[in-house]
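Everything on this sheet refers to the single structure shown next.
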Amino acid sequence: MKRLPILLLLATMATSAMALPMIQDDYAKARAEAQRRKLPLFIEVWAPW
Amino acid sequence: MKAELEDASLARYAGRFVWLELDFDRRANQPFIARHGVTYTPSLFVIDPSDERTTAMQLGGLTLPELQQFLIRGERGVMTKARTPADAALARGETHMGRGQLPDAIAAFRDALRLGGKSWPEHDRAVASLMWALVLRRDRPPCEAIALAEAPHMARGEAFTRVVLAGMWCANSDASRKIFEQLAGEAAGLPSTLRDHRFQLYQQLMVAAQRRNDRATLQKWGDRWLAELDATKPANDDERSALDVARDDAASLLGQPERVIPALMASQRAMPANYNASLRLAQAELAAKRYGDAVAACDRGLVHVTGPLGRSWLLTTKADALLGIGDRAGARRALEQALRAAKEIGVKQARERNVASITKQLGAIANGTSNESDNRRK
């Protein structure tokens, strides 16, 4: 993935782990919550490599 | 990308979106990944939850200002209509990208560029989006031609860097490779260039030097990359893991795996339950012909691996190490396990590529012609 054709992308982190309340690995739950709250749904598809 | 997503300045967006992270290699996420044609990480989406329409889509990382613009664009796409025909075409392209419909996305990005003209504020971003769609489609001639026509004249920012990266991947002649190498060197030195992209530029510059047997240039970029990696203090396990991926790639291209083994061992000690740390250490040990150590590292990783792609990768690495020791029966068993795991990979292209490669390795073992595979696929 993260190179093209073998692409690898790198994850980094910094401050404030509570800035964004991330839902983990549950699209149905996130979509339902977004519908209920009438908000757009942001999604990051990531990999550990 | 997680650094940008964790930045405190995004707190003002927290209540304006619902936020979701999906691990590419988890079974539960495969329906979304298949539906949206995701083959690249990170991939970012903003989706209208009412009809699941993609209103913003991005392949690869974004700088913090770009991420903020991405969020605003995605939010606007949910709440309002696009402003101009060119904006609408660009939004349409992103929607198609979000569904994995590359030909339609390419057509929409071309429309957007035609409608917007050179002075359109989104011109450079649209060029970069078009380039990445062409790269993903492996459509090299137009990718190379557009990058050659656009990159030299673009404002020096992240869109320029993305177009140059695409050009490096698509370049198909020595003349265009020379132009892109020069531009890539420039992009690597820009303060605006995202670290992920700078590392990919280093990688491409090393590949280019390797192609023409220019050892001095290969060493120069490799040294610069490893120095930057060594100077970066990871803030947490995710960042440490990401840096190790890059470390492994740099050392592999340099052909100097011993150089990164101490750092990878330190990561393994710091993150004993992280399979990626074990895998990266195993790969460096394999390259350094420390086969017994590589097998042990793979076994540690297999205890903690979370998905079939990671599992098959660990097992093929283990098979290569066992072949290095001369244990062909053990290598065959590891490959048979790897094949079972590979058949469970959710993403079709990755599944087919891995199954074909492992099947070929098993055949080579059966025929007595096996050597270490190129075990760096993903």
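Below, chain A is the first sequence line, B the second, and so on; all start at residue 1.
Shortest non-hydrogen contact noted between B:Arg16 and A:Pro40 is O-CD, 3.2 Å.
Atom CZ of B:Arg35 sits in a crowded spot, with more than 12 heavy atoms from other residues, nucleotides or ligands closer than 6.0 Å.
For B:Phe32, the part lying under 4.5 angstrom from a heavy atom of chain A is the side chain only. For a residue to count as touching a neighbouring chain, one of its non-hydrogen atoms must lie under 4.5 Å from one of that chain's; by this rule B:Val38 touches chain A with the side chain only. Neither the backbone nor the side chain of B:Leu194 comes within less than 4.5 Å of any heavy atom in chain A. In this structure, chain A has a heavy atom under 4.5 Å from the side chain of B:Leu71, while its backbone stays farther away. Contact annotation for B:Arg26: only side-chain heavy atoms (C-beta onward) come within less than 4.5 Å of a heavy atom of chain A.
When B:Phe70, B:Tyr13, B:Phe45 are compared by the number of non-hydrogen pairs under 4.5 Å with chain A, B:Phe45 comes out ahead. Among the candidates B:Ile33, B:Leu44, B:Asp48, the residue making the largest number of heavy-atom pairs closer than 4.5 Å to chain A is B:Leu44. Contact count versus chain A (heavy atoms, under 4.5 Å) is highest, among B:Asn274, B:Asp244, B:Asn29, for B:Asn29. Between chain A and the residues B:Gly307, B:Ala28, B:Ala56, B:Pro49, the most heavy-atom pairs under 4.5 angstrom are made by B:Pro49. Ranking A:Gln24, A:Arg31, A:Lys29 against chain B, the residue ahead of the rest is A:Arg31, based on heavy-atom pairs under 4.5 Å.
Within the 4.5 Å cutoff, side-chain heavy atoms of A:Arg37 are placed close to those of B:Val18. In this structure the side chain of A:Trp46 never reaches within 4.5 angstrom of the side chain of B:Leu22, judged on heavy atoms. Taking the side chain as every heavy atom from C-beta outward, A:Ile23 and B:Glu21 never approach each other to under 4.5 Å. Counting heavy atoms from C-beta outward, B:Leu5 and A:Leu20 have side chains that approach closer than 4.5 Å.
Using a 30° and 60° split on the angle between ring planes, B:Trp19 and A:Phe42 fall in the tilted class, from 30° to 60°.
Qualifying side chain to side chain donor-acceptor pair (under 3.5 Å) partners for B:Glu144, counting only residues two or more places apart in sequence or in other chains: B:Ser176.
The distance from atom CD of B:Gln30 to atom OH of A:Tyr27, rounded to the nearest 0.5 Å, is 15.0 Å.
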